[in-house]
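Below is one structure; the comments refer to it alone.
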Amino acid sequence: MKLLNKIESQKLDSLAINEYGLSESTLMESAGASVISLTSNYIQWDAAKVVVLCGTGNNGGDGFVAARYATLMGADVVIFIVGNISHLTKISQAYKAIVEKMKIPIKAIQKAEETYRFLEDADIIVDALIGTGLTSAIKGEKAKLINRVNVSSAIRVSIDIPSGLVCDSGECNGLAIKADYTIAMGSIKRAHVLYPGCEYCGTILVSRIGIPSKADEFCKTEWVEKKDIEEMLPHRMKIGHKGNYGTIGIIAGSEGLEGAGLLTACGALYAGSGKVHLLVPGEIALSITGKVPEIMVSSIGEKNCFFVSDVEPVLQKLKSYNVVALGTGIGRHLQTQLFVKELLLKINGTVILDADALYAIASLHISLKELPGQFILTPHVGEFARLINKEVVEVEQNRIEWARLYAQENQVVLVLKGYPTVTATPLGEVFVNSTGNPGMATGGMGDVLTGVISSLYGQDMELDKAAVAGVYMHSLAADLLAEEKGVGFTASEVAEKIPQSRMLISEK
Ligand SMILES: NC(=O)C1=CN([C@@H]2O[C@H](COP(=O)(O)OP(=O)(O)OC[C@H]3O[C@@H](n4cnc5c(N)ncnc54)[C@H](O)[C@@H]3O)[C@@H](O)[C@H]2O)[C@@H](O)CC1
Ligand SMILES: [K+]
C-alpha cells in the first residue's frame with residue numbers, strides 16, 4: 001500500500017477529481033460514510049451517545065458526513081464546531097446544511113464547560129478537528145479540548161489523522177488526540193507509521209474513498225504488508241537440490257566478536273540457503289568450527305582479525321559463492337579496514353555490507369559508485385549517520401528521505417534499520433517495513449538480518465526484493481517471539497523462528 005506524505009495525499013485527491021472525474025463531494029461523502037462502515041465491526045454505533053468535533057477545514061467536512069451516517073445507524077449525535085464558523089470550507093458548509101436539516105444538534109464551542117460535559121457523557125468521540133491541514137503546533141482552546149478528549153472514557157475515532165499530528169513526520173510535541181481507531185483516507189500516511197505518531201493512532205483502518213487503485217502510482221513510498229512479501233518469495237521446487245538455493249560466503253569475525261559470523265550464518269541457514277560458508281580469521285577459526293555443524297568454516301590467515309594480506313585467499317574462495325556478506329564482527333583494526341577496501345575493489349558480484357564493513361567505508365571514504373560490485377548496505381542509524389556525515393537526530397527527523405537520497409546517489413540498495421526499517425532502491429523507491437517490535441533492540445539482531453537477506457538473494461530474488469522480504473521476514477520472526485515471550489528473546493532465537501515466519505507469510 002502507498003505511504004503518502006501531505007503533498008502526495010493532496011495530489012491523490014486532485015488526480016481522483018481531475019483525471020478520473022470524481023467530485024470533491026463524492027470523496028467527502030465516501031470518507032465520512034466509511035468512518036461508520038469500517039468501524040461497525042468494532043464499535044456499536046446503535047444507541048451510542050456520540051460527540052463529533054468538527055474543525056473548519058475539510059477534515060471537519062468529513063465529520064459532518066460521519067455525523068449523518070452515525071445518526072442513520074441509530075446513534076444520538078451532537079456536533080461541536082471548533083473554530084470560526086465563518087471559516088468553514090464551502091463543501092463543509094454544504095454538508096453542515098444537510099445535518100442541520102436532519103435536526104442533528106450543532107453547537108459552537110463557546111462555553112467550554114458545556115462541551116466538556118458532553119465529552120464526559122459520550123460513548124464515542126469522533127475527531128474531525130484537523131487532518132492533513134495542520135500548519136503549526138496546536139495551542140490555546142484547541143489544546144485544552146484535545147487534553148479533555150484524551151482523558152474521556154469514550155471510544156475515540158480520528159478521521160484521517162489524529163488531530164495534532166504533523167502529516168509528514170508524525171510529530172506532535174505531546175499534544176494530539178489519542179485515538180482508538182483512525183480511519184486513513186485514500187491511503188496510509190507517514191504520521192500513521194512514524195514515531196511518535198504511530199503511538200496515537202490505535203487501530204488504523206484504510207478507506208480508499210473510491211479512488212481507483214492506479215491513481216497512486218506516482219507515489220514512490222510503499223508500506224510493506226504480508227501480501228507484498230508473499231508475492232515476492234521464490235517457490236521451492238520439488239526436485240530442487242542444495243545447489244539451487246544459493247551458496248553464501250560470509251566474511252566475518254575477529255577476536256572478541258567470534259559469534260557475529262555464526263549469527264549471520266544461522267540467519268542464512270534458517271532462511272533456506274543451500275550452502276553456507278563462513279570465512280574467519282585464522283586465530284578464531286578453532287573456536288567457531290563445529291559449533292553449528294551445517295556451517296562450513298574456513299580459516300583465513302593466521303591473525304585475530306583480517307589483514308590486507310588475506311584479500312587474495314579470500315578472493316579464491318569467493319569464486320564459488322553466489323553472494324557475499326561482509327562485515328559482521330570484523331572489528332575496526334586499520335588492517336581490517338584496508339582489507340575491506342582492497343576486497344571491494346576486486347569483487348565483481350553481489351555483497352551485503354554490514355557493521356564494521358560500513359565503518360571502513362565511512363572511514364576510508366570508499367566510493368561505492370565506482371566499484372565493480374553491486375551492494376546492499378544494512379546500517380543502523382548510527383552507522384548510516386556516519387556514512388553521510390550527519391547527526392543521528394537529523395537522520396531520524398526524516399529517515400525515509402535520507403535513505404532514498406543515499407540509495408539513489410550511490411546506486412545501492414540501502415536498508416536503514418530501526419523504527420521503522422526502510423529499504424531504499426537505486427531507482428528512488430522506498431519500502432517501509434510494517435513488522436518488528438522493541439524486543440529486537442539487542443545485540444546480534446542485525447547480524448542475523450544480514451544472513452537472511454544474503455540467503456534470499458542467493459535463492460534467486462532480485463537485490464531490492466531480497467532486502468525488503470528479508471527485513472519483513474526477520475522482524476515477523478521477532479514478532480512471533482514477542483507474542484510468546486514479550487521482551488528478552490535473543491538473535492539466535494529469531495534466526496530459528498525464520499522458517500515459521502516464512503510459512504506464515506506464504507499462508508493464504
Ligand atoms: N478532496 C479533498 O481534499 C479531500 C479531503 N479530505 C479531508 O480533508 C482533510 C484535509 O482538509 P484541509 O486541507 O481543509 O485541512 P484540515 O481540515 O485537515 O485542516 C485545516 C483546519 O485546521 C485548522 N488548523 C490548522 N493548523 C492548526 C493549528 N496549528 N491549530 C489550530 N487549528 C489549526 C485550520 O484553521 C483549518 O480549520 C483530510 O485530512 C481529509 O480528512 C477527505 O474528505 C477526502 C477528500
Ligand atoms: K482528525
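Residue numbers run from 1 in the order of the sequence given. These numbers come from a predicted model, not from an experiment. In listed order, ligands and their atoms are each counted from 1.
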What protein heavy atom is closest to [atom], reported as residue, atom name and distance in Å?
atom                    : value
atom 44 (C) of ligand 1 : I209 CD1, 3.7 Å
atom 2 (C) of ligand 1  : D13 OD2, 3.2 Å
atom 17 (O) of ligand 1 : N59 N, 3.0 Å
atom 32 (N) of ligand 1 : K142 NZ, 2.8 Å
atom 33 (C) of ligand 1 : I130 CD1, 3.6 Å
atom 1 (N) of ligand 1  : E24 CG, 3.6 Å
atom 8 (O) of ligand 1  : N58 CB, 3.1 Å
atom 38 (C) of ligand 1 : D160 OD2, 3.2 Å

**OP:** For residues F384 and Y406, establish whether the separation of their ring centroids is below 6.0 Å.
**Re:** yes

**OP:** Go through ligand 1 atom by atom and flag the ones less than 4.0 Å from a non-hydrogen atom of T56.
**Re:**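 Matching atoms, with element in brackets: 36 (C), 37 (O).
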
Original post:
Which ligand 1 atoms are under 4.0 Å away from a heavy-atom of S136?
Top reply: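 The list of qualifying atoms is 28 (C), 29 (N).
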
Hey, does [X] come in under 3.5 Å of ligand 1, counting only N/O atoms on both sides?
X    : answer
K139 : no
G55  : no
T135 : yes
I17  : no

Subject >> Y42: ring pair (Phe, Tyr, Trp, His ring centres under 6.0 Å) partners, not counting sequence neighbours >> reply: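 Partners of Y42 under the ring pair (Phe, Tyr, Trp, His ring centres under 6.0 Å) test: Y181.
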
**OP:** Output all residues satisfying ring pair (Phe, Tyr, Trp, His ring centres under 6.0 Å) with F80, sequence neighbours left out; order by chain, then residue number.
**Re:** F118

Decide if atom [atom1] of [X] counts as having more than 12 heavy atoms of other residues, nucleotides or ligands within a radius under 6.0 Å.
X    : atom1 : answer
Y195 : OH    : no
N84  : CG    : yes
N173 : CG    : no

Subject >> A137 and ligand 1 - part of the residue with a heavy-atom distance under 4.0 Å >> reply: backbone

Original post:
Angle subtended at the K ion (ligand 2) by OD1 of N59 and OG of S163, to 10 degrees?
Top reply: 100°

Original post:
If you stand at the K ion (ligand 2) and look out to OD2 of D127 and O of I130, what angle do those two lines make, to 10°?
Top reply: 120°

